[in-house]
Amino acid sequence: MEVEEQVRRVVEQVKELHDSATSFVSSSSQEELSLQKRASVVESSVRRLNSTLLEEDLQRARCMLADGDTSSFLPFKPQGRFVRMFLGPVNVRATRKDIQLKVKEEYNSYRDRTALLFLVFPAILLTLRSYVWEGCLPAFPVQLYEAWLLFLYAGLAMRENILRANGSDIRSWWLYHHYCAMAMALVSLTWEIKGQPNCVQKQKGVRLFLQWAMMQGVAMLLQNRYQRQRLYTRIALGKAKRMDVVWGETAGVDGQLWLLCPILFTLQGFEAYVGLQLLRTALTGVVAEWQVLICGILLVVMAIGNFINTVETLMVKSRFKAKMKRSKSKAELD
């Protein structure tokens with residue numbers, strides 16, 4: 001009898017808890033719908049306003065709207081096909097701001113780790129090639145590196161698609177760049193680089209690519225350090241959102257840009273050079289394999305896209321600075 005009474009009591013508690021939870025969810029859903037409508041109206045009003053004199057105030061209002069708890073009620077961007085391909089029609093937008101920021105911090109940590117590997121991995125391969133492998137790289141270590149690149153860019157693309165769905169400002173080009181890099185890594189896995197009579201000549205493109213990867217690792221480390229410091233300052237001034245990331249070159253101050261821009265343009269030029277060398281070896285019949293041709297085309301496309309994106313970013317930064325100077329001058333005259 002005591003056991004039956006305990007069971008009856010527990011069942012009643014479960015029913016009461018269920019009714020309370022249902023009532024809470026229902027009332028929360030109604031309040032959430034109301035907040036979503038209000039947030040949408042306010043966001044539309046902020047987007048419509050355009051004032052040169054009050055541009056800084058409007059920017060702070062935009063950041064406050066996107067960075068506060070209100071951001072959870074704003075209309076979210078539809079997730080990309082890349083995420084749907086792996087996860088299906090699942091909503092990856094976090095409803096709590098602390099979870100969104102945790103996703104961003106994990107993304108930054110992932111970039112820091114991969115930047116170091118980007119530098120160390122090819123350096124080890126080139127060192128072993130010179131002192132152990134007698135100038136000819138074995139196939140397996142290179143294919144292992146290409147498999148790691150495929151994993152790296154797939155991870156970056158997945159994380160950046162999720163960040164965009166949660167309000168980040170990542171440019172579309174960086175996603176397309178990672179898709180091209182994934183395709184190149186996948187194609188290069190099937191590229192037989194050993195077994196030819198002239199191994200050194202056949203592997204010239206591989207050697208140049210590894211040298212470019214080392215330069216890319218140095219640039220990524222510099223970007224991660226300088227741009228993140230500047231991003232924290234912009235967030236404190238209300239000129240950037242906490243979910244923004246540091247891929248864009250606008251995150252650097254003038255002194256840092258003088259250091260970063262030559263490195264970036266040198267990298268882009270060297271990337272295009274490696275791609276053209278691969279195209280030349282494929283078209284002249286030195287290494288007549290379709291993998292060489294595809295990798296060369298993808299490297300040239302990525303180099304051109306990176307160059308255009310860098311120039312556009314610098315132009316946007318220049319126009320924004322000029323606009324801010326004009327607004328300050330008009331404010332002083334008034």
Side-chain angles (χ1 to χ4, degrees), residues 66 76-86 92 103-104 107-108 110-112 114-115 118 149-188 209 212-213 215-224 226-228 230-231 234 240-241 243-252 256-257 260-276 294-320:
F76 58 88
K77 299 178 182 178
Q79 59 195 38
R81 294 179 180 177
F82 186 80
V83 176
R84 292 200 303 270
M85 181 175 63
F86 284 95
V92 296
V103 172
K104 179 196 167 184
Y107 167 76
N108 288 335
Y110 184 75
R111 283 193 59 196
D112 290 338
T114 53
F118 229 115
L149 285 180
L150 179 60
F151 170 79
L152 161 68
Y153 285 113
L156 284 174
M158 179 67 73
R159 286 167 169 81
E160 288 170 1
N161 273 284
I162 293 174
L163 284 173
R164 285 196 73 187
N166 283 275
S168 187
D169 68 333
I170 298 174
R171 287 194 169 195
S172 300
W173 161 248
W174 292 118
L175 296 174
Y176 298 142
H177 174 275
H178 296 340
Y179 299 154
C180 291
M182 288 169 56
M184 185 184 67
L186 184 61
V187 169
S188 62
F209 179 80
W212 169 83
M215 297 171 62
Q216 177 72 11
V218 173
M220 288 176 66
L221 288 172
L222 289 174
Q223 282 182 301
N224 290 356
Y226 289 127
Q227 294 177 355
R228 192 173 301 172
R230 182 55 181 168
L231 181 61
R234 289 171 58 82
K241 298 177 292 184
M243 286 301 295
D244 290 351
V245 295
V246 296
W247 269 117
E249 287 73 24
T250 53
Q256 296 166 3
L257 288 176
L260 287 175
C261 284
I263 296 177
L264 291 172
F265 287 128
T266 302
L267 271 173
Q268 293 157 10
F270 193 65
E271 185 178 21
Y273 171 75
V274 175
L276 291 174
I294 297 299
C295 289
I297 293 173
L298 289 173
L299 279 172
V300 173
V301 169
M302 288 189 291
I304 295 174
N306 288 341
F307 176 78
I308 294 174
N309 183 76
T310 303
V311 173
E312 288 180 349
T313 304
L314 293 175
M315 291 176 62
V316 169
K317 180 180 178 66
S318 178
R319 286 196 297 267
F320 182 77

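Basis for what follows: all heavy atoms, side chains included, without hydrogens, waters or symmetry-related copies.
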First locate atom [atom1] of [X], then atom [atom2] of [Y], and finally report the distance between them rounded to the nearest 0.5 Å.
| X | Y | atom1 | atom2 | result |
| --- | --- | --- | --- | --- |
| L156 | R111 | CG | CZ | 7.5 Å |
| Q268 | N309 | CD | CG | 8.5 Å |
| T114 | L149 | OG1 | CG | 10.5 Å |
| Y179 | R81 | OH | CZ | 10.0 Å |
| E160 | H178 | CD | NE2 | 3.5 Å |

Chi angles and distances behind the side-chain contact (heavy atoms from CB on, under 4.5 Å) call for L175, F82
CA-CA 10 Å; L175 296 174; F82 186 80; over 6 Å; no
Does a sphere of radius 6.0 Å around OH in Y110 hold more than 12 heavy atoms from other residues, nucleotides or ligands, not counting ones at 6.0 Å or beyond?
yes
Before giving the answer on side-chain contact (heavy atoms from CB on, under 4.5 Å), spell out for I294 and M184 the whole-Å C-alpha distance, their side-chain angles and the decisive distance to 0.1 Å.
CA-CA 7 Å; I294 297 299; M184 185 184 67; over 6 Å; no
When you compare the side chain of L152 with that of F118, does any pair of heavy atoms fall below 4.5 Å?
yes
Heavy atoms, side chains only, cut-off 4.5 Å: are L299 and M302 in contact?
yes
Listed partners of Y176 passing ring pair (Phe, Tyr, Trp, His ring centres under 6.0 Å), at least two apart
none
Angle between ring planes, H177 versus Y153, binned at 30° and 60°: parallel, tilted or perpendicular?
perpendicular
Please name the residue in the list V311, T310, I304 that meets the side-chain contact (heavy atoms from CB on, under 4.5 Å) test with F307.
V311
Across all chains, not counting sequence neighbours, the side-chain contact (heavy atoms from CB on, under 4.5 Å) partners of F270 are L208, Q211, W212, M215, Y273, V274
